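Reading through the C-alpha cells given below for one structure.
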2 protein chains.
Amino acid sequence: MKNKVIMPFRSAKHQHRKCQKIALDSAKKLCESQGQRLTPLRQRVLELVWQTHEPVKAYDILDQLKDEHSSSAPPTVYRALDFLQEQGLVHKIESLNAYIGCGGPDESHEHSQFLICQQCGAVAELDDIDITNLLNEKVSELGFTMQTGMVEIVGVCAICNH
Amino acid sequence: MKNKVIMPFRSAKHQHRKCQKIALDSAKKLCESQGQRLTPLRQRVLELVWQTHEPVKAYDILDQLKDEHSSSAPPTVYRALDFLQEQGLVHKIESLNAYIGCGGPDESHEHSQFLICQQCGAVAELDDIDITNLLNEKVSELGFTMQTGMVEIVGVCAICNH
DNA sequence: TATTGAAATGTTATAATATAACATTTTTGA
DNA sequence: TCAAAAATGTTATATTATAACATTTCAATA
Ligand SMILES: [Zn+2]
Ligand SMILES: [Zn+2]
Ligand SMILES: [Zn+2]
Ligand SMILES: [Zn+2]
C-alpha cells in the first residue's frame with residue numbers, strides 16, 4: 001500500500017482511447033473476479049462515464065442512453081451508477097453531483113482524494129496514505145472513529161497553470 | 001492562526017441555548033463590522049440552522065418559516081442561506097445537501113474539516129492547519145494550485161463511542 | 001424631505017437531482 | 001424444468017435548487 005496518483009491530470013492530446021480501454025478491461029476483470037455481473041447496460045453506463053476526465057451528470061448519461069435504448073429512465077441510470085459505485089468502478093463527486101470513473105479500481109482504496117480543476121473541469125484522483133493517516137490521527141485525538149472520508153479540492157491543475 | 005476545534009461534539013445535556021446565543025451575537029457583530037445587513041429574515045434562518053448541531057435541510061427550514069411567514073418560498077430560504085454562507089456564518093455539508101451553523105465565523109477559515117457522526121447525526125468542525133498544510137503540500141507537488149478544500153469525514157463521535 | 005437607485009423580498013414557474021413502488025423479463029441454480 | 005433471485009422496465013413522485021420578473025424597503029443625497 002503506497003501513496004498513489006490513481007488518475008493524474010492528462011494533457012489535452014493524450015490518447016484517451018487507452019484510458020477507456022484500460023478502464024473497461026479492468027472493470028470486466030474485476031467484476032469477473034468478484035462474481036459480479038457487468039451487464040451490457042452497466043458496461044454502457046461505465047463507458048459513458050469514461051467519455052472524458054470530467055465528472056458526468058446522471059441526466060447527461062440518461063440523455064445519451066435514451067438515444068440508444070428508448071426504455072431508459074432515471075432508475076436505469078441510477079441503478080447502474082449504484083452498482084458501479086459498489087464495485088468501486090465509479091466515484092461520486094459530492095460537491096458537483098456528478099460521477100467519474102475510478103482510475104484504479106484494482107488496488108482497493110477506501111479513501112480517495114479528488115482534485116477538481118476549476119478551469120478545465122477535469123478531476124484527478126489520489127490515494128495518498130499520508131493524508132488518510134493524518135486525518136485518522138487527527139480525528140482519533142478527538143475520540144472520533146473514522147469510517148469514510150471525502151476530500152474534494154478545488155483549484156487549478158498543472159496543465160492549466162502552464 | 002492555530003489548530004482549532006471550531007465546534008466540538010457536545011453532550012446531549014449541554015446548554016444549547018448558549019451555543020445559540022453565542023452564534024447569534026457573533027453573527028450580529030460580524031455583519032455590523034462588515035457593513036452587511038443581518039435582516040430579520042436572515043437572522044431567523046440563522047436561528048433555525050442553529051436549532052441543533054445536526055445539519056439542517058433547506059426545505060425543513062422552509063417548512064418552519066412558512067408557519068411564521070406565509071410568503072416564504074424556496075428562494076426565500078436559499079437566498080438567506082447564500083448570504084449566510086458568503087458571510088461565513090453557515091457551511092454547506094456537500095455530502096448531505098444540508099447546512100450547519102459555523103462555530104467560529106470570527107477567525108476566518110477558508111478550509112474547515114467536518115466530522116459527521118453517523119450515529120447521532122451531529123457534526124463537528126475543525127480548522128486544522130496541519131491538514132490544510134498537508135493537502136496544500138501534496139497537491140503542490142503535482143503542480144496543482146488549491147483554492148478551496150472540502151473535507152467531510154463520516155464516523156462515530158466520542159460520545160456515541162462511550 | 002423628496003427623490004432615486006440599490007438591495008432585499010415576494011411570487012410564480014421550472015430545472016435538476018434522486019428515489020419509491022410495483023410489473024415484467026432474464027438469469028441462475030436446484 | 002421450475003422456482004427464486006437478480007436485473008430491467010415503467011410510472012409516479014420526492015427532493016434540491018434556480019430563473020425570471022414584480023414589489024417593497026432601505027439608504028444616500030440632492
Ligand atoms: Zn484519458
Ligand atoms: Zn478510485
Ligand atoms: Zn449546542
Ligand atoms: Zn466554520
Side-chain angles (χ1 to χ4, degrees), chain A residues 27-28 31-49 54-87 89-100 121 150 152, chain B residues 27-28 31-49 54-87 89-100 121 150 152:
Chain A
K28 285 176 189 164
C31 286
E32 192 157 2
S33 78
Q34 301 292 122
Q36 296 292 335
R37 295 176 55 210
L38 187 65
T39 62
L41 186 55
R42 289 164 172 175
Q43 178 173 329
R44 186 67 188 127
V45 170
L46 183 60
E47 287 167 7
L48 292 172
V49 168
E54 297 176 46
V56 179
K57 297 277 183 175
Y59 275 74
D60 289 345
I61 295 171
L62 178 55
D63 287 343
Q64 297 180 79
L65 266 190
K66 275 178 175 163
D67 291 342
E68 308 166 353
H69 201 260
S70 67
S71 73
S72 303
T76 313
V77 171
Y78 284 105
R79 283 170 185 155
L81 288 172
D82 286 348
F83 170 84
L84 295 168
Q85 287 176 267
E86 281 162 12
Q87 307 313 312
L89 295 167
V90 161
H91 299 295
K92 181 176 185 185
I93 305 297
E94 297 286 353
S95 61
L96 299 173
N97 294 319
Y99 303 83
I100 190 144
M150 178 212 103
E152 295 177 11
Chain B
K28 286 175 189 164
C31 286
E32 192 156 1
S33 77
Q34 302 291 122
Q36 296 291 336
R37 296 176 53 211
L38 188 64
T39 62
L41 186 55
R42 290 163 171 176
Q43 179 174 329
R44 187 67 188 124
V45 170
L46 184 60
E47 287 166 7
L48 292 172
V49 167
E54 296 177 44
V56 180
K57 296 277 183 175
Y59 276 73
D60 289 344
I61 295 172
L62 178 55
D63 288 342
Q64 296 180 80
L65 267 191
K66 274 178 174 165
D67 291 341
E68 308 167 354
H69 202 257
S70 67
S71 73
S72 303
T76 313
V77 171
Y78 283 105
R79 283 170 184 154
L81 288 172
D82 286 348
F83 171 85
L84 295 168
Q85 287 176 268
E86 281 162 12
Q87 307 313 311
L89 295 166
V90 161
H91 299 294
K92 181 175 183 184
I93 305 297
E94 296 287 353
S95 61
L96 298 174
N97 294 317
Y99 303 84
I100 190 144
M150 278 153 293
E152 298 177 10

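Keep in mind the model is a prediction, meaning the values are calculated, not measured.
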- Closest-nucleotide ordering on DNA chain D, the 5'-leading residue of K57(B) and R37(B): K57(B)
- Could you say whether Y59(B) or A73(A) is positioned toward the 5' end of DNA chain D, judged by the nucleotide with the nearest heavy atom to each? A73(A)
Atom-to-atom span, [atom1] of [X] to [atom2] of [N] - whole angstrom:
{"X": "Q34(B)", "N": "dA7(C)", "atom1": "CD", "atom2": "P", "value": "17 Å"}
{"X": "D82(A)", "N": "dT19(C)", "atom1": "CG", "atom2": "C1'", "value": "10 Å"}
{"X": "N97(B)", "N": "dT15(D)", "atom1": "CG", "atom2": "P", "value": "13 Å"}
{"X": "L84(B)", "N": "dT9(C)", "atom1": "CG", "atom2": "C1'", "value": "15 Å"}
{"X": "L65(B)", "N": "dT9(C)", "atom1": "CG", "atom2": "C1'", "value": "12 Å"}
{"X": "Q36(A)", "N": "dT27(C)", "atom1": "CD", "atom2": "C1'", "value": "14 Å"}
{"X": "L62(A)", "N": "dA15(C)", "atom1": "CG", "atom2": "P", "value": "16 Å"}
{"X": "F83(B)", "N": "dA7(C)", "atom1": "CZ", "atom2": "P", "value": "13 Å"}

- Item | E32(B), CD atom: more than 12 neighbouring heavy atoms under 6.0 Å | no
- Note on the structure: Between S72(B) and P74(A), whichever has its closest DNA chain C nucleotide further toward 5' is S72(B)
- Task: Could you tell me whether the side chains of Q43(B) and E47(B) share a donor-acceptor contact shorter than 3.5 Å?
- Result: yes
- Query: Under 3.5 Å, is there a donor-acceptor pair between the side chain of E152(A) and the main chain of I93(A)?
  - Reply: no
Taking the minimum atom-to-atom distance to the side chain of [X], which one of [options] wins?
{"X": "P75(A)", "options": "dA17(D), dG10(C), dT11(D)", "answer": "dT11(D)"}
{"X": "K92(A)", "options": "dT10(D), dA18(C), dT9(C)", "answer": "dA18(C)"}
{"X": "Y99(A)", "options": "dC22(C), dA18(C), dT11(C)", "answer": "dA18(C)"}

- Contact under 4.0 Å: T39(B) side-chain N or O vs dT9(C) OP1/OP2: yes
- Task: Would you please confirm or rule out a distance under 4.0 Å between OP1 or OP2 of dG9(D) and any side-chain N or O of H69(A)?
- Result: yes
- The single option from D60(B), L89(B), L81(B) passing side-chain contact (heavy atoms from CB on, under 4.5 Å) against V49(B): L81(B)
- Query: Just one of D67(A), L62(A), I61(A), V77(A) clears the side-chain contact (heavy atoms from CB on, under 4.5 Å) bar with S72(A), so which one?
  - Reply: L62(A)
- Query: Is Y78(B) side chain donor-acceptor paired with the dA19(D) base, going by distance under 3.5 Å alone?
  - Reply: no
- Task: Could you tell me whether R42(A) contacts a base, only the sugar-phosphate backbone, or nothing, with contacts defined as non-hydrogen atoms closer than 4.0 Å?
- Result: sugar-phosphate
